[in-house]
Amino acid sequence: YALWAINPTLSYNVNAPAGSNAPGTPASQTVPYNTAAADKSGWAAGDTGKIPGYRFDGWYTAPNGGNKYDFNTPLTGNVTVYAHWVGNGYTVRFAGNGATGGKTDPQTGKTDEKINVRDNGFTRDGYTFVTWNTQADCKGNAVKPNSEWTLRGSSTLYACWAGNAQTLTYHGNGATGGNTAAQSGKTGDELTTNANGFTRDGYTFVRWDTAKDGSGTAYGEGKNGVSQYVMKPAGNDLYAIWKANPATIQYRNDWPNTTGSTPDTTGNTGDTVTISQNSFDRPGYTFTGWSTSKRGDPSLQPGDKHTLEPR
């Protein structure tokens, strides 16, 4: 009697990772009994173009594990070989997005691997961390620390911040009256500064300044202090800067039978000036000094130093 053996078939299984787009399956081939089936798939190990995010590692004897199939093996029965895939290595980087200190180390993994997103390690003066986001303007997808993230490519997550509460305080800086109310906001807020409400005898308000001596940043000059101001992480203080008004010492002699005149001494409020020599003449009397009142004591003498007071 004649004996026959069925010709065996070699079949391919692309064994694509879950959720991926599987490539087309190579055609199977049938060979004579006890004959090796050459690899005619046309797939080369190391190919990264079959499934995005994965590298083809070769044909194996099992879907998971197993051994690489030896295409020199004679077939005595049907055989199925399975594609094995290795996920590409990806990195998630973290950007401080305005941070003033600290760091957050990157995370690495392979395609479709799930990771728990790191806690924030950045700091930013005057701000509180809120969440991570896929966009620097924080208008993308929000990603909370410790939430699950599936790697499908290298990416960057950006820190998103909320400004802390701040108070803008106004200082009279020598004012003798009035008040300017403080303003509330958050770090980074832009607000319109209040107009000056202080007064100072003998002085005219010029502007607000971040320094008491006027050497800082000026705000609202020529506009009674009204300007745009951005809240800082700390030190939100504005000081009134003043300009001294003109001031004069007038020398008078209201006594009868007096002749001559003494010119005024002029300057600005706060100036130190020298008291003038007397140029009046009153027969029968000797000049003894100057006084701030007609009947007062002669407390000021020619040549004395005197500070000009507001009119």
I'd like to know if the side chain of Q166 and the backbone of G188 have a donor-acceptor N/O pair within less than 3.5 Å.
no
Across all chains, not counting sequence neighbours, the side-chain contact (heavy atoms from CB on, under 4.5 Å) partners of Q277 are P302
Closest non-hydrogen contact found for K110 with V86 is NZ-CG1, 4.2 Å
In this structure, OG1 of T169 is separated from CD of Q183 (nearest 0.5 Å) by 10.0 Å
Across all chains, not counting sequence neighbours, the side-chain contact (heavy atoms from CB on, under 4.5 Å) partners of K212 are N173, Y239
Sequence neighbours excluded, the answer for side-chain contact (heavy atoms from CB on, under 4.5 Å) partners of T128 is N164
- Message: Within the 3.5 Å criterion, strictly below it, is a donor on D264 or T248 matched to an acceptor on the partner's side chain?
- Response: no
Task: Any donor-acceptor pair under 3.5 Å from E221 side chain to V206 backbone - done: no
OG (S279) and CG (N253) are apart, to the nearest 0.5 Å, by 11.5 Å
*asked:* Can you see whether S215 engages D213 through a side-chain donor-acceptor pair at a distance of less than 3.5 angstrom?
replied: yes
Any donor-acceptor pair under 3.5 Å linking the side chain of T111 with the backbone of N88?
-> yes
Practice prompt. Check step by step if side-chain contact (heavy atoms from CB on, under 4.5 Å) holds for K50 and W85.
Written response: CA-CA 10 Å; K50 299 296 182 186; W85 305 93; 3.6 Å; yes
* With the 4.5 Å side-chain cut-off for hydrophobic clustering, are Y54 and V81 part of the same group? -> yes
Discussion item. Test your reading of the model: is there a side-chain donor-acceptor pair from E148 to the backbone of V117, 3.5 Å cut-off?
Written reply: no
Residues P8 and G77: closest non-hydrogen pair is CB-O, 3.3 Å
* When clusters are formed by joining ILVMFWY residues with side-chain heavy atoms under 4.5 Å apart, either directly or through shared neighbours, do Y60 and W43 land in the same one? -> no
Next item on the list: Kindly indicate, with the supporting measurements, whether the criterion salt bridge (charged side-chain N to carboxylate O under 4.0 Å, His left out) is fulfilled by R152 and D112.
Entry: CA-CA 6 Å; R152 295 214 168 92; D112 290 331; 3.0 Å; yes
Value for CG (D271) from OG1 (T307), rounded to nearest 0.5 Å, stands at 9.0 Å
Centroid separation under 6.0 Å, is that true for the rings of F71 and Y69? yes
**Prompt:** Regarding T204 and N245, is there a side-chain donor-to-acceptor distance under 3.5 Å anywhere?
**Reply:** yes
Residues at least two apart in sequence or cross-chain that pass ring pair (Phe, Tyr, Trp, His ring centres under 6.0 Å) with F122, listed by chain then number, are none
- Counting N and O atoms only, with roles assigned by atom type, does the side chain of T61 sit under 3.5 Å from a partner on the main chain of N67, one being a donor and the other an acceptor? yes
Would the W59 and Y82 ring centres measure less than 6.0 Å apart? no
Applied to residues 14-38, the side chain to side chain donor-acceptor pair (under 3.5 Å) test, sequence neighbours excluded, yields T9-T30
One pair to check against side chain to side chain donor-acceptor pair (under 3.5 Å): T210 and Y219. What are the steps and the verdict? CA-CA 8 Å; T210 56; Y219 292 90; over 6 Å; no
### Message
Quick one, Y170 with N196, criterion side-chain contact (heavy atoms from CB on, under 4.5 Å). Give me CA distance, side-chain angles, the key distance, then yes/no.
### Response
CA-CA 9 Å; Y170 297 89; N196 172 53; over 6 Å; no
Here the gap from N7 atom CG to T76 atom OG1, rounded to the nearest 0.5 Å, amounts to 12.0 Å
When you check the side-chain N and O atoms of Y90 and S155, is any donor under 3.5 Å from an acceptor?
-> no
Would you tell me whether K232 and T187 have side-chain atoms, one donor and one acceptor, within less than 3.5 Å of each other? no
Expected output: side-chain T180 to main-chain G197 donor-acceptor under 3.5 Å: yes
All heavy atoms of W161 vs all of A99, minimum pair found to be CZ2-CB, 4.1 Å
CG (L308) and OG1 (T272) are apart, to the nearest 0.5 Å, by 8.0 Å
Rounded to the nearest 0.5 Å, the CE atom of M231 sits from the CG atom of L168 at a distance of 5.0 Å
All N/O donor-acceptor pairs, side-chain side in residues 130-137, below 3.5 Å, sequence neighbours left out:
unit_1, atom_1, unit_2, atom_2, d
T131, OG1, V143, O, 3.1
W132, NE1, R118, O, 3.0
N133, OD1, Q135, N, 2.9
N133, OD1, G140, N, 2.9
N133, ND2, C138, O, 3.4
T134, OG1, N141, N, 2.8
Q135, NE2, D137, OD1, 2.9
D137, OD1, K139, N, 3.0

Answer yes if the side chains of D39 and S41 hold a donor-acceptor pair under 3.5 Å, and no otherwise.
-> yes
Review point. Under 3.5 Å, is there a donor-acceptor pair between the side chain of N278 and the main chain of F280?
Key: yes
task = Verify the neighbour count for atom CG of D105: are there more than 12 heavy atoms of other residues, nucleotides or ligands below 6.0 Å?
result = yes
Q: Treat each ILVMFWY residue as a node, draw an edge where side-chain heavy atoms are under 4.5 Å apart, and state whether W208 and Y203 are in one component.
A: yes
Smallest heavy-atom separation, L75 atom then V79 atom, equals CG-CG2, 4.3 Å
Exactly one candidate in T193, N236, T192 meets side chain to side chain donor-acceptor pair (under 3.5 Å) with Y229; the answer is N236
Looking at S291, is its backbone amide N or carbonyl O close enough to the side chain of S299 to form a donor-acceptor pair, meaning the two atoms are under 3.5 Å apart? no
_Chi angles and distances behind the side-chain contact (heavy atoms from CB on, under 4.5 Å) call for L157, W149_ = CA-CA 11 Å; L157 294 179; W149 177 271; 4.0 Å; yes
Tightest non-hydrogen contact, residues A83 and F56, listed as CB-CE1, 3.7 Å
Nearest heavy-atom contact between G24 and V14 is O-CG1, 4.0 Å
Open item on the list: Checking F205 against R200 for the side-chain contact (heavy atoms from CB on, under 4.5 Å) test, could you report, in this order, the C-alpha distance in whole Å, the side-chain angles of both residues, the deciding distance, and whether it holds?
Closed with: CA-CA 8 Å; F205 176 80; R200 185 179 181 185; over 6 Å; no
Would you check if the side chain of N13 reaches a backbone N or O of T80 as a donor-acceptor pair within less than 3.5 Å?
no
